[in-house]
Structures are given as C-alpha cells and as structure tokens.
A.B. asks: 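Have a look at this one.
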Amino acid sequence: MRLFMDTANIDEIRRGAAMGVISGVTTNPSLVAKEGIQYKDRVLEICEVVDGPISAEGIAQTADELVEEGKRIAAWHENVIVKVVMTEPGLEAISRLSAEGIGTNCTLIFSANQALLAARAGATFVSPFVGRLDDGGQDGMEMVREAVQILESFHLPTQVLAASLRHTRHVTDAALAGAHVATIPSTVLFQMLKHPLTDSGIERFLADAKGYTAV
Ligand code: G3P
C-alpha cells in the first residue's frame, strides 16, 4: 500500500517527504482554505516537493464545467490528478477526462457501488471516506474491502485510495483490506512512527552507552 499525505500544509508535506515514505498528496478545497493561499500556487509548491500523484479538486457542478475546470487543473503540472466528486455529472466528467488521458480521483465515495461506477467511468483513483462513514455508525473499512475485492475481481485498473483516515489503526486496517493507497493526515503519519517501547528502548541504549567510549 502506498502512502499519500492528506494535507495542503507545505511544511508538513516537506517533513513527511524527507522521511522517504510519501508517494503522493491529496488536497481538497477545505484543506487549502485553511492555508490562506491560492490553490494553484500551493499545488505547484507541493509538486516541487513530492514526485507523485497530487490530487487537486475543483468546484464546478455541471459535466461541461467539470471537464473545462479539470483540463485547466490538469495543465498546472504533469503530476496533477483531477479530483471529481461522485455525482452523475462527475461520472460524465471522469469518463470524458479519462478519454483524454487525464488522471482523475473520484472523491466522496461512501459505498462499493459508487466505487464500481467511478471505476467503470475510468477513474484513476476512487476515494472511499472511511472516517465519515464510521462517524455515522457504519463500517467504513468494510466498504474499502468490498471495493478492492470488486475492482480486483473484474481486473479494473482503478486504485482504491482509502481516505478520511483518522487514526493509526485505520492505516493498518486499510492495508489489510488491500487498499492500493492510504492518504493520511500528518498527525497520523507522525503517530505511526512512534511507540512507547521504542522511546524507552532508545533511553536505555543511550544510558548504557555511557559505560563505554564510542569509536
Ligand atoms: O481525504 C479526505 C479527507 O480530507 C476527509 O477527511 O477527516 O474530513 O473526513 P475528514
């Protein structure tokens, strides 16, 4: 499973990328709004830091507008993936953009059937929102498992990108469910590398090392 960062904060992205574990970034209008910067400017900055798929989302509503906006967004940089919400016009836009070779990420997926539709329309990625489904008392990870099984059974090339992941266990479970990618907030990424036994182990090694002179 590849790891993407789900943030528009460039400092967090630089920190994550420096560890060599990040293969892409996902953004959305809510994440960029927190940064107080123009969407295009931030996406171009991210493209300088991470050499992989960078999802950028528009706000158009009709299929024609979505296609026009998607082409504009895709022209920002060769690594940009156009994020399109799961609606009827969204599916039409995905199918038209993908026919022109433009990568798409169908977002706001809340069922395996929606994932199947987006895959059939030609989406490069589908983004099931795990945490938001969990919030409503449903099992978000089951949707990921079903979507992976369906797409793989029928040899559809669309990748399942587990999104709305809120804690470290979600990342493990997404990997076990077979998600091709997990996009994770930076807080979760940095929590993943921590363990209290690692910290106490380091302390003990450092204390014991005082008993000899290092070469
Ligand atoms: O990738 C989708 C993500 O940004 C949404 O996460 O926590 O707002 O449900 P959340």
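When a ligand or atom number is given, it counts from 1 through the structure's own listing order.
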A.B. asks: Keeping Thr198 on the side-chain end and Lys194 on the backbone end, is there a donor-acceptor pair under 3.5 Å?
C.D. replies: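 The answer is no, because no donor-acceptor pair under 3.5 Å joins these two groups.
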A.B. asks: Between Tyr39 and Glu57 (side chain of the first, backbone of the second, donor and acceptor by atom type, cut-off under 3.5 Å), is there such a pair?
C.D. replies: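 Judged by distance alone, yes, a pair lies under 3.5 Å.
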A.B. asks: Heavy-atom distances under 4.0 Å are what count here, so tell me which part of Thr107 touches ligand 1: side chain, backbone, both or neither.
C.D. replies: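 Under 4.0 Å from ligand 1, Thr107 contributes no heavy atoms.
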A.B. asks: Near Ala163, which atoms of ligand 1 are under 4.0 Å from a heavy atom of that residue?
C.D. replies: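 Ligand 1 atoms under the 4.0 Å threshold to Ala163: 1 (O), 2 (C).
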A.B. asks: Compare all side-chain heavy atoms of Ile59 with those of Glu69 and state whether any distance is below 4.5 angstrom.
C.D. replies: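 They are in side-chain contact.
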A.B. asks: Tell me whether the count of non-hydrogen atoms from other residues, nucleotides or ligands lying under 6.0 Å of CZ in Arg166 goes above 12.
C.D. replies: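 Counting other residues, nucleotides and ligands, CZ of Arg166 exceeds 12 neighbours.
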A.B. asks: Atom 3 (C) of ligand 1: which protein heavy atom is closest, and how many Å away?
C.D. replies: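 It is Asp6 OD2, 3.0 Å.
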A.B. asks: Would you say Glu48 and His77 are linked by a side-chain donor-acceptor pair, where the criterion is simply a distance under 3.5 Å?
C.D. replies: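 Glu48 and His77 do not have a side-chain donor-acceptor pair below 3.5 Å.
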A.B. asks: Where the side chain of Thr26 meets the backbone of Thr183, is there a donor-acceptor pair that is under 3.5 Å apart?
C.D. replies: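 No, Thr26 side chain to Thr183 backbone: no donor-acceptor pair under 3.5 Å.
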A.B. asks: Which residue holds the protein heavy atom closest to atom 2 (C) of ligand 1, what is that atom called, and what is the gap in Å?
C.D. replies: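 For atom 2 (C) of ligand 1, the nearest protein heavy atom is Phe129 CZ, 3.3 Å.
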A.B. asks: Counting distance only, does the side-chain N/O of Asp134 pair as donor-acceptor with the main-chain N or O of Gly140 below 3.5 Å?
C.D. replies: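 Present.
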A.B. asks: Can you find an N or O of Asn28 that's nearer than 3.5 Å to an N or O of ligand 1?
C.D. replies: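 Between Asn28 and ligand 1, an N or O pair is found under 3.5 Å apart.
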A.B. asks: State whether the shortest distance between N or O atoms of Thr183 and N or O atoms of ligand 1 falls below 3.5 angstrom.
C.D. replies: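 No; the residue has no nitrogen or oxygen that sits under 3.5 Å from a nitrogen or oxygen of the ligand.
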A.B. asks: Checking a contact table here: which protein heavy atom is nearest atom 7 (O) of ligand 1, and how many Å away?
C.D. replies: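 It is Arg166 NE, 2.8 Å.
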A.B. asks: Measure the distance from atom 6 (O) of ligand 1 to every protein heavy atom, then report the residue, atom name and distance (to 0.1 Å) of the closest one.
C.D. replies: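 For this ligand atom, the closest protein heavy atom is Ser164 CA, 3.5 Å.
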A.B. asks: Considering non-hydrogen atoms of the protein only, which is the closest contact for atom 5 (C) of ligand 1, and what is the distance?
C.D. replies: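 Result for atom 5 (C) of ligand 1: Arg132 NH2, 3.5 Å.
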